[in-house]
Amino acid sequence: MEVRSEGIQVRCDKFSGPVIPRTRLRIWFIRVCSSIVLWTCLVQLVTVSELWHSHLISGITNGIYHIAQVQLPIQEDNGVYQSPPAFLPRRNYTSNGFLRVSCNGGLNQMRAAICDMVSVARFLNLTLVVPELDKTSFWADPSNFEDIFDVKHFIDSLRDEVRIVKRVPKKFNGKRGYSTLEMPPVSWSNEKYYLEQALKFTPQIENLGHKLIQMLHEKGPFVALHLRYEMDMLAFSGCTHGCTDKEAEELKQLRYAFPWWKEKEIISEERRSQGLCPLTPEEAALVLRALGFGRETQIYIAAGEIYGGERRLAQLRSVYPRIVKKETLLTWDELRQFQNHSSQMAALDFMVSVASNAFVPTYDGNMAKLVEGHRRYSGFKKTILLDRKKVVELVDMHQNGTLSWIQFADAVRVVHERRIAQPTRRRVILDKPKEEDYFYANPHECLCEETNCDDLLGPHNSSKVSS
């Protein structure tokens, strides 16, 4: 008789022996042949499974991997297209454990922290778990890592440096006897970060950011003004210049509401005179005009909600009517997925700021420093680093009549003649790392990898970098 099962054919021949009733004999034959069929199927499945795993799946996986690595070529400023480098082979090492990271602060503060922790994981031979992002800051942004960054790119692009997993395997949880050591990280680490970095925004953010950049460039050159005159920054720094008494009290109450903001009683004017306050929109308008930016200049405000709203933007808008923001360039439907997610909105501003013809930060926070570093790495694009201490001194002198407009404008230009992010060596103080130049703002070690540092940083370099 023949028994067929799933394409496998087994023949069972009759044999001679004691006389057995036909019904029982038939049942016996069926059972024997079925057993043979099942065992044969099992052996075949095991064999096929091994072949499938070792050849077919690996072949398909490799094919998918190579397809995934096909990226659009990068267009350089000179019009030449250059393909991005392929990912390097995986690093082969024995992991000493898992490193879980919880980042706090705004988007760019968290980005810098993630880069530092990649270095820590690399040096200690640890497996890095995809970091957790802060959800308890002033903005209360519920975004997870995968909402902002391309997780696959993050894992693949660092494969030659560190092993990264999305989560700690269940077998290593506390219930199974494994303990977790919690400790704050050591600050001021310095690992490579720029251009071909592992932190790549999600396709949704990248696509919308590129659309914003294209829309701006179609209207001509533009200045990205990082106007850090936002409620959280003013409350944190204690800066209330230009605010009403009611606004000043509101900012003070907010400062007291966050226990981890250590300073509570702050004298605003004293802080401002020391250059420790972000410039107000009115001060920014005067400085931009003094630096030679004409009325026709397109200004992109890279910031969240300006404290005081349109009332505080009135003077800036009267001087520069071509002021735009992401909220005015994009439709509500385009921005809807990013609403109430301040880190994702900040990512759009970051992309636009890096691509701008000129970048002017009014405060030297994390975003300003990271944008400055990216722009240095991309050929020293025009970035004007304002001397806020000198600026507020000159602004006050002009407004009280001590300096005429011409004198004020000349003084502002002289002060910033050598503050346009020209090539310069980073100041390193071995025993005082907090006082040295911020690595991410001026990664001159990376800039000199394929160029003679003496040629790049020599005296022939001009401070005037064309836009």
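Keep in mind that this is a model prediction, so the values were computed, not measured.
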Neighbour count above 12 (heavy atom, 6.0 Å) for [X] [atom1]:
| X | atom1 | answer |
| --- | --- | --- |
| Asp333 | CG | yes |
| Lys166 | NZ | no |
| Phe98 | CZ | yes |
| Ile429 | CD1 | yes |

Flag side-chain contact, heavy atom, 4.5 Å: [X] against [Y]:
| X | Y | answer |
| --- | --- | --- |
| Gln204 | Gln344 | no |
| Val391 | His416 | yes |
| Tyr438 | Leu370 | yes |
| Tyr229 | Leu279 | no |
| Glu206 | Lys200 | yes |
| Ile114 | Leu133 | yes |
| Leu329 | Lys211 | no |
| Arg163 | Arg91 | no |

- Item | Salt-bridge present (Glu296, Arg322; N to O < 4.0 Å) |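 A salt bridge is absent here (no side-chain N lies under 4.0 Å from a carboxylate O).
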- Message: One thing to verify: whether Arg376 and Glu372 come together as a salt bridge, which I'm taking to mean a side-chain N less than 4.0 angstrom from a carboxylate O.
- Response: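 Looking at Glu372 and Arg376, the cut-off is met.
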Using modelled atom types only, decide if a donor and an acceptor are shared between the side chain of [X] and the backbone of [Y] within a distance under 3.5 Å.
| X | Y | value |
| --- | --- | --- |
| Arg90 | Asp160 | no |
| Tyr320 | Phe293 | yes |
| Arg375 | Ser353 | yes |
| Arg111 | Asn366 | no |
| Asp437 | Arg427 | yes |
| Arg426 | Pro443 | no |

- Audit row: Val101, Val120, side chain to side chain contact (heavy atoms under 4.5 Å, CB included) steps and yes/no: CA-CA 11 Å; Val101 179; Val120 170; over 6 Å; no
- Query: Knowing that exactly one of Arg271, Lys252, Arg255 qualifies, which makes a salt bridge (charged side-chain N to carboxylate O under 4.0 Å, His left out) with Glu263?
  - Reply: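 Only one option passes, and that is Arg271.
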Please name the pair of heavy atoms, one in [X] and one in [Y], separated by the smallest distance, quoted to 0.1 Å.
| X | Y | result |
| --- | --- | --- |
| Tyr363 | Cys277 | CD1-C, 3.9 Å |
| Thr362 | Ala284 | CG2-CB, 4.3 Å |
| Ala121 | Leu128 | CB-CB, 4.1 Å |
| Leu234 | Pro278 | CD2-CG, 4.0 Å |
| Pro361 | Ile384 | CD-O, 3.3 Å |
| Thr280 | His241 | CG2-O, 3.7 Å |

- For the residue pair His226 and Phe359, categorise the inter-ring angle as parallel (less than 30°), tilted (30 to 60°) or perpendicular (more than 60°).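 Plane angle under 30°, so parallel.
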- Sequence neighbours left out, what passes side-chain hydrogen bond (donor to acceptor under 3.5 Å, both in side chains) with Ser102? Give chain and number order.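 Listed in chain order: nothing, the list is empty.
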- Message: Is there a side chain to side chain contact (heavy atoms under 4.5 Å, CB included) between Leu212 and Met351? Walk through the geometry before answering.
- Response: CA-CA 9 Å; Leu212 266 174; Met351 291 183 63; over 6 Å; no
Spacing of [X] atom [atom1] and [Y] atom [atom2] [to the nearest 0.5 Å]:
| X | Y | atom1 | atom2 | result |
| --- | --- | --- | --- | --- |
| Phe149 | Met110 | CZ | CE | 7.0 Å |
| Thr328 | Ile323 | OG1 | CD1 | 10.0 Å |
| Tyr300 | Met215 | OH | CE | 10.5 Å |
| Ile299 | Leu216 | CD1 | CG | 11.0 Å |
| Ile306 | Lys325 | CD1 | NZ | 7.0 Å |
| Asp387 | Arg419 | CG | CZ | 4.5 Å |

- Verdict with reasoning, Val360 to Leu291, per side chain to side chain contact (heavy atoms under 4.5 Å, CB included): CA-CA 11 Å; Val360 183; Leu291 289 171; 5.5 Å; no
- Would you check if the distance from the ring center of Phe154 to the ring center of Phe145 is below 6.0 Å?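 Ring centres of Phe145 and Phe154 closer than 6.0 Å.
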- Item | Contacts of type side-chain contact (heavy atoms from CB on, under 4.5 Å), residue Leu335, not counting sequence neighbours |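 Applying side-chain contact (heavy atoms from CB on, under 4.5 Å) to Leu335 gives Leu208, Glu327, Leu330, Phe338, Gln339, Met345, Leu348.
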- Task: Identify, with sequence neighbours excluded, every residue that meets salt bridge (charged side-chain N to carboxylate O under 4.0 Å, His left out) alongside Arg272.
- Result: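 Partners of Arg272 under the salt bridge (charged side-chain N to carboxylate O under 4.0 Å, His left out) test: Glu269, Glu283, Asp396.
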